[in-house]
Structures are given as structure tokens and as C-alpha cells.
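The first residue in the sequence is number 1, and the count goes up from there. All figures in this text were calculated on a predicted structure; none of them were measured in a lab.
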Amino acid sequence: MFKENKHIEWKSGFNEEAMEALSAFANSKGGKVVVGMNDKGIPVRNFDMGTETIQQWINEFKTKTQPSIIADYEIVQINGVDVVELSVPEFPVKPVAFRGRYYRRVNNSTHQMSIDEVADMHLQTKNTSWDYYPRPDKNLKDISLDKVEKVIALIEKRNPNLRFDSPVEFLSKNELLLEDDKITNGCYLLFSSDFNLYSTIQMGHFQDDITIKDDVTLQSDIVSQVEDVMSFIRKHINKEIIITDTQIENIQRWQYPLDAIREIVLNMIVHRDYRDSGHSIIKIFKDHISFYNPGTLMPPLTIEDLLSNQYISKPRNRQIASVIKDVGWIEKYGTGIRRIRKMFQEYGSIEPEFKMVSGCFAVTAFASDYKDEEETKESVPENVPESVPENVPENRLHIIIDMIKNDGFVSIPELSKVLNVNHKTIKRDIEKLKTKGMIERIGANRGGYWKIKT
């Protein structure tokens, strides 16, 4: 029996929610709504349907969507009961509205899109992005040509076959400079001559959760910000001296793999949603660094996709990403998170934690000497207990499956609270589900998630 997922939704009857799901499928990779199935995936007996009724459903959906979408249908039998599969392909011109609202598919759920998500989807459909659009009230006089020349020098050093006669030529060829000396949003962020309120980064060094020892606010062009941020981080993290018998010089080792930290900073700057009024924030603590960046992941990308390494990433700011890639600071789109995780693994450190927090993409990087005393309480361990009991109540396992289905990052304390059993019992239940091949762990204990196996 198939289950609800990114491409399938069950509905006991044809209603508004069924049409919302169909419009969400049209805004993603397509999918089908199976009408005549209850929320447990069991066909509804005595389900009233006929060809004329189905045609009425299709017409209703067509009239309530903009652009108009016509669903295909097929009557199929499941366990001897007829149900209706209404299906729609991915629509080429997105987003599609249903009764003036926009929906998208996230895992096995339908979510209403925010204004920013609608704008991003529209720009992706047009194969462009916000940073290609003209910057209101700004022109060539508002950027520094000296900064442009520095970027040109970096690009030409990396690729001697590229030559630009002047900064203006470079800007024009990269569509950063428009007619009448107007500049794009990307151009202004990359090369602004004065302070830039739209690219603010707040950085702080904390003694504890509330005591700030040092803080800096950056309001400059985003090219300069990369080194400014790295300088502040290096200033406030520790470096140990490793004495060896085999090497003439002692080894200096930072608390973090600096190449990975730099990659996090680059991802933060390149993929930030600069339309958001919030600031990027970096907090440095004794044994971890927290990065907060305005903007969600570009739909349909999810945290689970990032951790699975099976995804195709599209940059939010294509013009900015293109320039930074030409400079050589990023290798290719969509591989940054993978490289960050690999660098931390090779450094012998805990993998960073990736989350969505209040509309921000948040990354927590842990120092190589990080110790989490609560980890065994907060995460489901990967080690199998010596014995797994056979008499685990099936209803409890079903609840755990449902909770994981709704939130792959659910923790042992959360499961324990809902089921009213202790942590040790939950761990045994989890291992039972793993033994049955019903779930699997993706990623490390901290920062990883659970996946339902079909």
C-alpha cells in the first residue's frame, strides 16, 4: 500500500483541502490526490461517485485556480473498493493560485506560501532572481569602482583567459550595470561605496548566554564582509599548540576547521534573503558559534534534503552567486553544506546543526572540544541496546511513527512526554522500529533526523 508523501495525498471526499493539495502539487513536482481514502489509508466504503460527479470536481478545481488547471482522473480499485485518483503535473508557469492563495508541498503536507515564497517561485519560473532587478534610487555613483577592480583582479588571476578593459565593461557584461547608469540590487550589495543598511551583519563574542564581551556591526559591501567576519571569528576562538616528537615545528590547531567556517560565512552572505529587514547574526561562545541568516530555504528544498545529500540547490541570489563563483570563493552551486559537513568530520568534530528558526536559516558549529552532557537525553542514540524487547505495544510504535512522519527531528524528551513513558522505554521502542526496518537515522545524533522507510 502506498503512503502519503510529497506526491500523494489521501482525502475521504472532494473538498477545499483536496483542491489546495492539487494546487500545491502543481507548484512543485506534480502529484495526485486519492479521493475515497481516510487518513489511515483505508478505502471508504459506499463512497458515492460517478463520471458526472468527477467531471464536476474537475470543473470546480479549474474555475478556482489561476492560471486554470485541469486535473486528470483515473478510477482505481484498492482492496476491492473504487477510489478516484486526481492528478496534476508540475505547472510550467508558477506559482498557481487556488482561490487567491498559494500552496506548496512540504514532505507529506500542504503549506500556504508566504509573500516572499510566492515572489521567489515567480522569479525562479522566469529564470531570474531579485538581485538582477534595478536598485531603486541608486546608480553608478553609489558604488566603488575600486572595489570592482579588486574583484576583477581576483577573477583574472584565477582565469588568465578572462580580461576586462574597465570596471564598467565588467559590470555591463555581468548585467550589473543597466541603462542610464542604473545598477542592480546585486551590484549595490557587492560594491556599495558607503555603508549599506541592507547587508547588516551583527557579530558578538559572548561570555555566556547574556554577557557580551565584544560586538561589531558590519554595514559594508558583501565582498569585504567575508574577510571582516573571518577576522572577527579568528580573534575570538581559541588555538591550541600540539607538540609532536616527529615534526620540527609544533602544530597550531584552531577550535574549528576554518575552511568550513569560511564556507558557512560564504553561504550566509550569498544565500541571504536581502529583502528581509532582519540582520544576519553571528554569536561566538566558548565552545560553539551560532549563525542566523534571514530567509528560509528555497522551496522545495528542506533541511532533510540538505542532510540526505540528495538534492539540487538553486541560489536565491543568482547574480551575486555568479560573481562569487567567478572569484573562486565557491566551487559550484549546491555543494556547500556537503563540504561543510565533510570538513567537520575530517577535523574530528561534531557535525554542525542546521535548523529553521523564526524564518531564519540557523547553523550551529561546535568546537572540536565540545562536550554535550545532555546529548544522550536530547537525541535518539545510534547504539543498539544489548536486548530489544519483543512485546513493545504496537499502538505506541504507531504514535512514534506518526510523530516522526510529522517531524523527523523529534527528540526523545518530546516522544517521552507525549507517550508518558521514560526515556529508556522510548529508546527501546526506537530500536524496535529500526530492527523492523521501519525507520532509519540520517546524519549524526546531533543535527541528524529520522526517516520513515517505505
Side-chain angles (χ1 to χ4, degrees), residues 147 150 154 189-190 195-196 198-242 251-274 278-295 306 320-321 324 327-331 335-355 357 360-372 446-447:
K147 293 178 180 179
K150 289 179 181 179
L154 291 171
L189 289 169
L190 285 163
F195 69 92
N196 192 329
Y198 302 95
S199 61
T200 302
I201 299 178
Q202 293 180 322
M203 302 184 292
H205 178 215
F206 289 74
Q207 180 174 328
D208 50 46
D209 288 343
I210 58 175
T211 307
I212 302 177
K213 299 175 67 176
D214 187 17
D215 68 289
V216 169
T217 299
L218 297 178
Q219 293 179 324
S220 57
D221 64 276
I222 61 178
V223 174
S224 302
Q225 285 181 342
V226 177
E227 283 308 320
D228 291 341
V229 169
M230 289 304 299
S231 294
F232 185 84
I233 291 175
R234 283 192 295 267
K235 176 183 177 182
H236 294 296
I237 63 175
N238 295 329
K239 181 168 58 176
E240 63 176 337
I241 306 297
I242 301 175
I251 301 172
Q252 295 184 346
R253 177 182 167 91
W254 293 94
Q255 280 182 291
Y256 308 85
L258 289 187
D259 287 343
I261 295 297
R262 182 182 176 85
E263 191 77 34
I264 293 173
V265 172
L266 281 166
N267 272 270
M268 181 178 72
I269 290 173
V270 170
H271 299 298
R272 172 175 170 177
D273 189 346
Y274 288 97
H279 301 157
S280 293
I281 299 172
I282 300 173
K283 295 182 177 181
I284 303 175
F285 297 91
K286 178 182 178 182
D287 56 4
H288 69 280
I289 306 174
S290 297
F291 302 83
Y292 300 92
N293 209 36
L306 288 180
I320 292 171
I324 298 300
V327 169
W329 289 352
I330 57 178
E331 292 182 11
T335 62
I337 300 299
R338 193 176 309 156
R339 290 201 305 274
I340 290 167
R341 295 176 64 196
K342 184 178 180 181
M343 284 187 276
F344 269 86
Q345 291 169 0
E346 292 175 346
Y347 209 68
S349 301
I350 299 173
E351 285 188 23
E353 187 175 67
F354 305 96
K355 287 184 177 181
V357 180
C360 289
F361 182 65
V363 180
T364 302
F366 302 98
S368 55
D369 56 352
Y370 181 83
K371 296 291 186 296
D372 185 358
R446 174 171 289 277

**OP:** Report the distance from atom CG of D259 to atom CE of M343, rounding to the nearest 0.5 Å.
**Re:** 6.0 Å
Original post:
With side chains defined as the heavy atoms from C-beta onward, is the minimum distance between M230 and V265 less than 4.5 Å?
Top reply: yes
Original post:
How many angstroms lie between CD1 in I264 and OG1 in T364, if you round to the nearest 0.5 Å?
Top reply: 9.0 Å
Original post:
Sequence neighbours excluded, which residues qualify as ring pair (Phe, Tyr, Trp, His ring centres under 6.0 Å) partners of F206?
Top reply: F285
Original post:
Taking it one step at a time, do Q219 and Y198 satisfy side chain to side chain contact (heavy atoms under 4.5 Å, CB included)?
Top reply: CA-CA 8 Å; Q219 293 179 324; Y198 302 95; over 6 Å; no
**OP:** Side-chain contact test, heavy atoms from C-beta onward, threshold under 4.5 Å: evaluate it for W254 versus I237 and give yes or no.
**Re:** yes
Original post:
Out of curiosity, I269 CD1 to S280 OG, how far, rounded to the nearest 0.5 Å?
Top reply: 7.5 Å
**OP:** Could you tell me whether the side chains of T217 and Q202 share a donor-acceptor contact shorter than 3.5 Å?
**Re:** no
Original post:
Do R262 and E227 sit within salt-bridge range, that is, some charged N less than 4.0 Å from a carboxylate O?
Top reply: yes
Original post:
Checking side chain to side chain contact (heavy atoms under 4.5 Å, CB included) for the pair Y256/I289: CA distance, chi angles, key distance, verdict?
Top reply: CA-CA 10 Å; Y256 308 85; I289 306 174; 3.6 Å; yes
Subject >> Short side-chain donor-acceptor distance under 3.5 Å, N293 and H271 >> reply: no
Subject >> side chain to side chain contact (heavy atoms under 4.5 Å, CB included) evaluation trace for V363 with E353 >> reply: CA-CA 6 Å; V363 180; E353 187 175 67; over 6 Å; no
**OP:** Would you mind reporting whether M203 and I284 have side-chain heavy atoms less than 4.5 Å apart?
**Re:** no
**OP:** Using modelled atom types only, decide if a donor and an acceptor are shared between the side chain of Y292 and the backbone of V357 within a distance under 3.5 Å.
**Re:** no
**OP:** Kindly compute the distance separating NZ (K235) from CD1 (I233), expressed to the nearest 0.5 Å.
**Re:** 13.0 Å
Original post:
For the residue pair R341 and L306, what are the closest heavy atoms and their distance?
Top reply: NH1-O, 3.8 Å
**OP:** Return the minimal non-hydrogen interatomic distance between S199 and Q225, and the atom names on each side.
**Re:** O-NE2, 2.7 Å
Original post:
How many angstroms lie between CE in M268 and CZ in F361, if you round to the nearest 0.5 Å?
Top reply: 12.0 Å
Original post:
Run the side-chain hydrogen bond (donor to acceptor under 3.5 Å, both in side chains) check on D221 and S224 step by step: do they pass?
Top reply: CA-CA 6 Å; D221 64 276; S224 302; 2.9 Å; yes
Subject >> Check: N196 and I222 side chains under 4.5 Å, non-hydrogen atoms >> reply: no
**OP:** Just do the side chain to side chain contact (heavy atoms under 4.5 Å, CB included) check on D287 and F366 with the steps written out, would you?
**Re:** CA-CA 6 Å; D287 56 4; F366 302 98; over 6 Å; no
Subject >> Minimal non-hydrogen separation, F344 against I350, with atom names >> reply: CD2-O, 3.4 Å
**OP:** Taking all non-hydrogen atoms of both residues into account, name the closest pair between W329 and L154 and its distance.
**Re:** CZ2-CD1, 4.1 Å
Subject >> ring pair (Phe, Tyr, Trp, His ring centres under 6.0 Å) involving H279 - partner list, sequence neighbours excluded >> reply: none
**OP:** Nearest 0.5 Å please: distance from the CD atom of Q207 over to the CD1 atom of I212.
**Re:** 11.5 Å
Original post:
Do you know the tightest heavy-atom contact between I261 and A365?
Top reply: CD1-CB, 3.9 Å
**OP:** Taking only Lys NZ, Arg NE, NH1 and NH2, and the carboxylate oxygens of Asp or Glu, determine whether D208 and K286 approach each other closer than 4.0 Å.
**Re:** no
Original post:
So S368 and Q255, side-chain hydrogen bond (donor to acceptor under 3.5 Å, both in side chains) or not? Walk me through it.
Top reply: CA-CA 5 Å; S368 55; Q255 280 182 291; over 6 Å; no
Subject >> Positive for side chain to side chain contact (heavy atoms under 4.5 Å, CB included) with F232, one of D214, L218, I282, I201 >> reply: D214
**OP:** Could you pull out the closest heavy-atom pair between A260 and I340, with the gap in Å?
**Re:** O-CG1, 4.0 Å
**OP:** Measure from NZ or CZ of R253 to the centre of the six-membered ring of Y347 and say whether it is under 6.0 Å with the direction within 45° of the ring axis.
**Re:** yes
